[in-house]
J.: 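I'd like to ask you about the structure that follows.
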Amino acid sequence: MTDDIPRHRYDARLANEIEARWQDRWDAEHTFWAPNPTGLLSEGAERFTDREPVFVLDMFPYPSGTGLHVGHPLGYIGTDVYARFERMNGKNVLHAMGYDAFGLPAEQYAVQTGQHPRVTTEANIANMRRQLRALGLGHDSRRGPATTDPGYYKWTQWIFLQIYNAWYDFDADRARPISELITRLESDLDVGWVDLDDRARRELVDSYRLAYLTEAPVNWCPALGTVLANEEVTADGRSERGNFPVYRRPLKQWMMRITAYADRLLDDLALLDWSDSIKLMQRNWIGRSTGASVDFAVEGADDVITVFTTRPDTLFGATYMVLAPEHPLVDAIVPGEWPGAMLGDAFNDVPAAWKGIFGAEGGPAEAVRRYREFAATKSDLERQAEGKDKTGVFTGAFAVNPVNDERIPIFVADYVLMGYGTGAIMAVPAHDERDFEFAREFELAIVGVIKPPAEWLAERDCPLAPASEWPEAFVGDGRAMNSANADVSLDGLAVRDAKAAITAWLAGRGAGDATVNFKLRDWLFSRQRYWGEPFPIVYDELDLPIALPESLLPVELPEIIDFEPEIVADNSASVPAPPLSRAEAWTTVELDLGDGPKTYRRELNTMPQWAGSCWYYLRYLDPTNEEQFVGPAAEHYWMGEGPGGVDLYVGGVEHAVLHLLYARFWHKVLFDLGHVSTPEPFQRLFNQGMIQAPAYTDSRGIYVEATTVVERDGGFFAGDEAVQREFGKIGKSLKNMVTPDDIFRDYGADSLRLYEMSMGPLDASRPWSTRDIVGVFRFLQRLWRNVVDEDTGALRVVETPADEETRRLLHRTIAEVREDMATMGFNTAVSKLITLNNRLTQVATAGGAPRDTVEPLVLMLAPLAPHIAEELWSRLGHESSLTYADFPVADPQWLTVDEVEYPVQVNGKVRGKVTVAAGAEQPVVEAAARLDVASYLDGASVRKVIFVPDRLINFVVG
RNA sequence: GCGAGCGUGGCGGAACGGCAUACGCGCCGGGUUUAGGUCCCGGUCCCUUCGGGGGUGAGGGUUCGACUCCCUCCGCUCGCACCA
């Protein structure tokens, strides 16, 4: 039966043969090697001197054991099409692919199988390289490092040391080498450097570093013997794997001082060609808000509680204060007993509800202790699940409101977070929803200090009511009221002016100041894992960190046999034992760091997976450099003068915040220290959509293998059973895996590429439909048939020029496809190429299609479907690859038309059409148009004629 | 709750404020073929008295003219979430 199929038809078999042949040839000819101007990777640079460098980058993949599914390569194909297009525009294009290969899945797989993660990781990388190569992606194969290569992570460690050996000079607003700080401290008399001992000096310097050690709360799961990421903790505060309890507990951790860069990370977004939504997500994450800090004295104590508020104008309405449960001052201010009758005022009798939800009778210390314990066991998710049910406990202490000297009770409540602001608030229940709810719960005073508009009160049916009778807090703008003391009055001022007035007053009294606060926290940088970069840090007998010299890099991961985290006692007092502690010969090291041989203890934590992905794009530029993380010539050539270096960065929106923020931060540190030439790493960011595939569930809600489901009678069935369809992430868990290998087998790589590019705009998520691939497959078949005789394999082209209409279509197509390629509108580019090919099918004679149309069509197709394009180009008589052939340029002469068909509208509705010479003047067009729609104009007066040259004419009749 | 984005045929999707549904899938009809498949040609938003009328989530507005701009609402998706 297959005898019927012509021998030279473009089918999957022929596609696969062509694709394998061209992939081999590209490899052999180093087609995608992009030369550096100098150095080891400069082969062929002399031919590229006139070519402008373009750096196209994908977010590099994690080499997973299951390999690629058809959703993965969407962005990779998009960048490849763009990169190939730019090569055909005469650019020197750097496009490469590395692997983000450290990380938890490899380690967990190692635990299960007993194989070393390096072994499985390398096997996974080999498989993914095979799949990516089979897609025809034009990567420079010399430039694909894995973050796990010691030759790579040597420089990750080196960058860590750069950050460690730097401090942030807020006056100069940039990072500087730590040596400059030491010079400054030595001469700073206030510091008293000469009187400090070695430990004090080092601790002082360490407190300025951009990488520093501190006690930070982490998700500690003793039963699993490891710290978990927030994503690995379930809503009820247990581990996702195993369902064991997870405790928040402070551990000594490495931190990165990203907060020093908060303003620059925010402001420099303006320099970047990124989508507004991603910029907004970064802005929200950084969370800059302006306001004031206000100091409240604690009654009968020396302590001062500083709060941050964005509404200092409401200070006269502050009727109580709240500290976060973890606030360090809590213990200091709690009195021995509940305030008693000797106070002789409204707080004579502390209400029972204030003493805590556990009915504590042991005095305030006990009530607070119990409440803090209760709060500590709640996960963040639990806290938010409980929503607006406010809980808290009175500390027994009072503060003094600096504007009116009123004593206000201090509470501890978990609706105030230690991680934001100062971990303490002044509560203004009249003008803050949360404070309002808490005040209602605990029957605290509610004093209005901003006058709501009359409508606001009327809508709530409480005209002229005092704030204590409002049904909710008034958070809008209004004039200040009830806000005056002997010294200052805000009454009648608008919010803005009131803020300025009270802030100035506070500053004058030394009780506060204008402040900017950020949501952004410093970056927790250590992990209790095996499969990550070791820190280039040791500890001496003072237990203080010491950076290893560059000559000792890389600090290689020691080999261990057992990766299983140590299971320790399941209680909150247990301490994690990092897997590296098991490499006993490695945990200590004898070194001579300049003061004779000594034994040092190694840092046993490893870096997070983000570390390797923070700078991989820089290593692509100079991957074989053993002297530097990147040579300045290569760096400057590819990254240019800025503001951002990478010309196009494509990846998923899931990295909108963390990766893109961390990488920007590292880049800025490197910029400040003079190691890179642009202030930003990624000039243009493009987020590709996600491909979703149909998944099917049976009546029990269990997923059934998607390949077994058939559609019939308007429903979906697995065997006889009806199943429900939904669309979701492709993968094993939804049993809807579709791999590139499946598609290669049935259609070839070019059809897969073309299909993924044609299914919709690159930035939109879209459903996968294997059935639809046949559309682009048929297009390639028709193109092939237009050029190659299916029976004999002979070339079928005629040298006579195409007819005028075809030629006009060709040049219009060239102009539009060029535009589409530049803006990554690949879906419409494909449709236009199909249209042109359909025209070619019509005009082809027995001898074939005209060469003057076929050749530009093949060239335009080349970025999208490079294998078939190369093959046709070769059969058309060209010896070299079309990789650097010029992308066609439209001839303006053929973009003009002789005649234009005008739609003729009457009152905006199309009533007729007239064809007139292009560029005709209005009177000519109007005369023809009037005749055409005469029946509509009869008896009506034309009030106005809208004439858009060469587009349309519209009669407005009345 | 706050913020952002998106709603167009049976499906994926086109459309500088100017002829809505390009291109593809599917479907219908025809041709080639012993037949099926492949391939080729034609058709395919709805209503219609065949003149035309209606139509881009719903309603309103701006405009000679609105899928496109503005307002209200509905629905879906994403991000953040007690952020003081």
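Just so we're on the same page: letters track the sequence lines, and every chain starts at 1. This one's a predicted model, so the numbers in the text were calculated from it and none came from an experiment.
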J.: Under the rule for ring-ring contact (aromatic ring centres under 6.0 Å, His included), what residues qualify as partners of A:Y662, not counting sequence neighbours?
T.: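 A:Y662 satisfies ring-ring contact (aromatic ring centres under 6.0 Å, His included) with A:W523, A:W610 once adjacent residues are dropped.
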
J.: Check the interface with nucleotides 8-13 of chain B: list each N/O to N/O pair with the protein under 3.5 Å, or write none.
T.:
residue: B:rG12; atom: O2'; partner: A:M759; partner atom: O; Å: 2.7

J.: Out of B:rC19, B:rC83, B:rC16, which has the shortest distance to the side chain of A:L417?
T.: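 Out of B:rC19, B:rC83, B:rC16, the nucleotide with an atom closest to A:L417's side chain is B:rC83.
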
J.: On RNA chain B, check which nucleotide each of A:V653 and A:N517 is closest to and give me the residue with the more 5' one.
T.: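 Per heavy-atom nearest nucleotide, the more 5' residue is A:V653.
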
J.: What protein N or O atoms touch nucleotides 38-41 of chain B N or O atoms at under 3.5 angstrom, if any, and at what distances?
T.:
residue: B:rU38; atom: O2'; partner: A:R9; partner atom: NH1; Å: 2.9
residue: B:rC39; atom: OP1; partner: A:Q781; partner atom: OE1; Å: 3.3
residue: B:rC39; atom: O3'; partner: A:R785; partner atom: NH2; Å: 3.0
residue: B:rC40; atom: OP1; partner: A:R785; partner atom: NH2; Å: 2.9

J.: Using only heavy-atom distances, determine whether the side chains of A:Y747 and A:T770 contain a donor-acceptor pair under 3.5 Å.
T.: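 Side chains of A:Y747 and A:T770: no pair found under 3.5 Å.
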
J.: Between P on B:rC6 and CG on A:D276, what's the gap in Å once rounded to a whole number?
T.: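 Spelled out: CG on A:D276 to P on B:rC6 is 11 Å.
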
J.: Please write out the pairs of protein N or O atoms and N or O atoms of nucleotides 63-68 of chain B separated by less than 3.5 Å, giving the distance to one decimal.
T.:
residue: B:rC64; atom: O2; partner: A:N954; partner atom: ND2; Å: 2.4

J.: How far apart are the C-alpha atoms of A:T306 and A:D295, what are their side-chain angles, what is the distance that settles it, and do they pass the side chain to side chain donor-acceptor pair (under 3.5 Å) test?
T.: CA-CA 4 Å; A:T306 303; A:D295 296 335; 2.8 Å; yes

J.: Rounded to whole angstrom units, what separation is found between the CG atom of A:L280 and the C1' atom of B:rC2?
T.: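 It is 11 Å, rounded to the nearest whole Å.
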
J.: A:K729 NZ to B:rC78 P: how many Å, rounded?
T.: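 About 11 Å, once rounded to whole Å.
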
J.: Which residues pass the salt bridge (Lys or Arg N to Asp or Glu O under 4.0 Å) test with A:D313, sequence neighbours left out?
T.: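 With neighbours one apart ignored, the set is A:R311.
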
J.: Would you please name every residue forming a ring-ring contact (aromatic ring centres under 6.0 Å, His included) with A:Y755, sequence neighbours left out?
T.: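 ring-ring contact (aromatic ring centres under 6.0 Å, His included) check on A:Y755 returns A:W768.
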
J.: Is the glycosidic angle of B:rG51 within 90° of 0, making it syn, or outside that range, making it anti?
T.: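 Classified syn.
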
J.: Identify the pairs formed between an N or O of the protein and an N or O of nucleotides 46-53 of chain B at a distance under 3.5 Å, and give each distance.
T.:
residue: B:rG53; atom: OP1; partner: A:R911; partner atom: NH1; Å: 2.9
residue: B:rG53; atom: OP1; partner: A:R911; partner atom: NH2; Å: 3.3
residue: B:rG53; atom: OP2; partner: A:R911; partner atom: NH1; Å: 3.1

J.: For A:Q922, is the CD atom crowded, meaning more than 12 foreign heavy atoms sit under 6.0 Å from it?
T.: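 Above 12, so yes.
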
J.: Taking the nucleotide of RNA chain B with the nearest heavy atom to each, does A:F308 or A:I834 sit closer to the 5' end?
T.: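 Its nearest nucleotide being more 5', the pick is A:I834.
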
J.: Check the pair A:T841, A:N786 against side chain to side chain donor-acceptor pair (under 3.5 Å), reporting the backbone distance first and the verdict last.
T.: CA-CA 6 Å; A:T841 305; A:N786 282 335; 3.2 Å; yes

J.: Relative to A:W274, does A:R283 satisfy both conditions: NZ or CZ under 6.0 angstrom from the six-membered ring centre, and within 45 degrees of the ring's axis?
T.: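 Not satisfied by the 6.0 Å and 45° rule.
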
J.: Where does RNA chain B form stems of at least three consecutive Watson-Crick or G-U wobble pairs, each pair having both distances below 3.5 Å?
T.: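 Output for stems: B:1-7 with B:74-80, B:10-12 with B:23-25, B:26-31 with B:39-44, B:45-47 with B:52-54, B:57-61 with B:69-73.
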
J.: In terms of side-chain geometry, is the basic nitrogen of A:R745 or A:D742 positioned less than 4.0 Å from the acidic oxygen of its partner?
T.: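 So A:R745 pairs with A:D742 through a salt bridge.
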
J.: What is the nucleic acid contact for A:T310, judged by heavy atoms within less than 4.0 Å: base, sugar-phosphate only, or nothing?
T.: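 It contacts sugar-phosphate atoms only.
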
J.: From the options B:rG3, B:rC83, B:rC19, select the nucleotide whose nearest atom is closest to the side chain of A:K519.
T.: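 Side chain of A:K519 sits closest to B:rC83.
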
J.: Can you see whether A:F438 has A:K390 sitting over its ring - NZ or CZ less than 6.0 Å from the centre and within 45° of the normal?
T.: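 Relative to the ring axis of A:F438, which defines the angle, A:K390 lies outside at least one limit.
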
J.: Sequence neighbours excluded and cut-off under 3.5 Å, please list the side-chain donor-acceptor pairs for residues 948-958 of chain A, or say none.
T.:
residue: A:D950; atom: OD1; partner: A:G919; partner atom: N; Å: 3.0
residue: A:N954; atom: OD1; partner: A:N907; partner atom: N; Å: 3.4
residue: A:N954; atom: OD1; partner: A:G908; partner atom: N; Å: 3.0

J.: Tell me every residue that passes ring-ring contact (aromatic ring centres under 6.0 Å, His included) with A:W784, counting only those two or more places apart in sequence or in another chain.
T.: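 ring-ring contact (aromatic ring centres under 6.0 Å, His included) list for A:W784, sorted by chain: A:Y10.
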
J.: Starting at atom CD of A:E816, determine the distance to atom C1' of B:rA14, rounded to an integer number of angstrom.
T.: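 Roughly 12 Å, once rounded to whole Å.
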
J.: With side-chain hydrogen bond (donor to acceptor under 3.5 Å, both in side chains) as the rule and sequence neighbours excluded, what pairs involving residues 809-823 of chain A come up?
T.: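 Matches after skipping sequence neighbours: A:N89-A:R818, A:D820-A:T828, A:D820-A:K832.
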
J.: For nucleotides 29-32 of chain B, list the nitrogen or oxygen atoms of the protein found under 3.5 Å from its nitrogen or oxygen atoms, one pair per line.
T.:
none

J.: Answer syn or anti for B:rG9, where the cut-off is 90° from 0 on the glycosidic torsion.
T.: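 Syn, which is what one calls it when the glycosidic angle falls within 90° of 0.
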
J.: Using the side-chain contact (heavy atoms from CB on, under 4.5 Å) rule, pick out the option among A:V322, A:L323, A:L329 that qualifies with A:I410.
T.: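 It is A:L323; the other options fail the test.
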
J.: In whole angstrom, give the distance that lies between atom CE of A:M281 and atom P of B:rC83.
T.: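 To the nearest whole Å, that distance equals 19 Å.
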
J.: Could you tell me whether A:R288 and A:D263 make a salt bridge, using a distance below 4.0 angstrom between a side-chain N and a carboxylate O?
T.: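 Result for this pair is yes, salt bridge flagged.
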
J.: Are the ring centres of A:Y320 and A:F442 closer than 6.0 Å?
T.: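 No: the rings miss the under 6.0 Å criterion.
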
J.: Using atom CG of A:D950 as one end and atom P of B:rC19 as the other, report the distance to the nearest whole Å.
T.: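 Whole-Å distance recorded here is 14 Å.
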
J.: Between B:rU77 atom P and A:E726 atom CD, what is the distance in whole Å?
T.: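 In whole Å, B:rU77 P and A:E726 CD are 12 Å from each other.
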
J.: Check the orientation of A:Y371 and A:F374. Use parallel for under 30°, tilted for 30 to 60°, and perpendicular for over 60°.
T.: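 Tilted, since the angle between the ring planes falls between 30° and 60°.
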
J.: Does a salt bridge link A:E805 with A:R839, judged by any charged N lying under 4.0 Å from a carboxylate O?
T.: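 Yes, A:E805 and A:R839 are salt-bridged.
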
J.: Can you measure A:K390 atom NZ to B:rC82 atom P for me and round it to whole angstrom units?
T.: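 Computing the A:K390:NZ to B:rC82:P distance gives 10 Å.
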
J.: Select base, sugar-phosphate, or nothing to describe what A:K832 touches, counting heavy atoms under 4.0 Å on all strands.
T.: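 No contact.
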
J.: A:F947 vs A:Y902 aromatic rings, parallel, tilted or perpendicular, using cut-offs 30° and 60°?
T.: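 The rings of A:F947 and A:Y902 lie parallel, inter-plane angle below 30°.
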
J.: Closest approach to the side chain of A:T828, judged atom by atom: which nucleotide of B:rC80, B:rG24, B:rA14 is it?
T.: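 So the nucleotide nearest the side chain must be B:rA14.
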
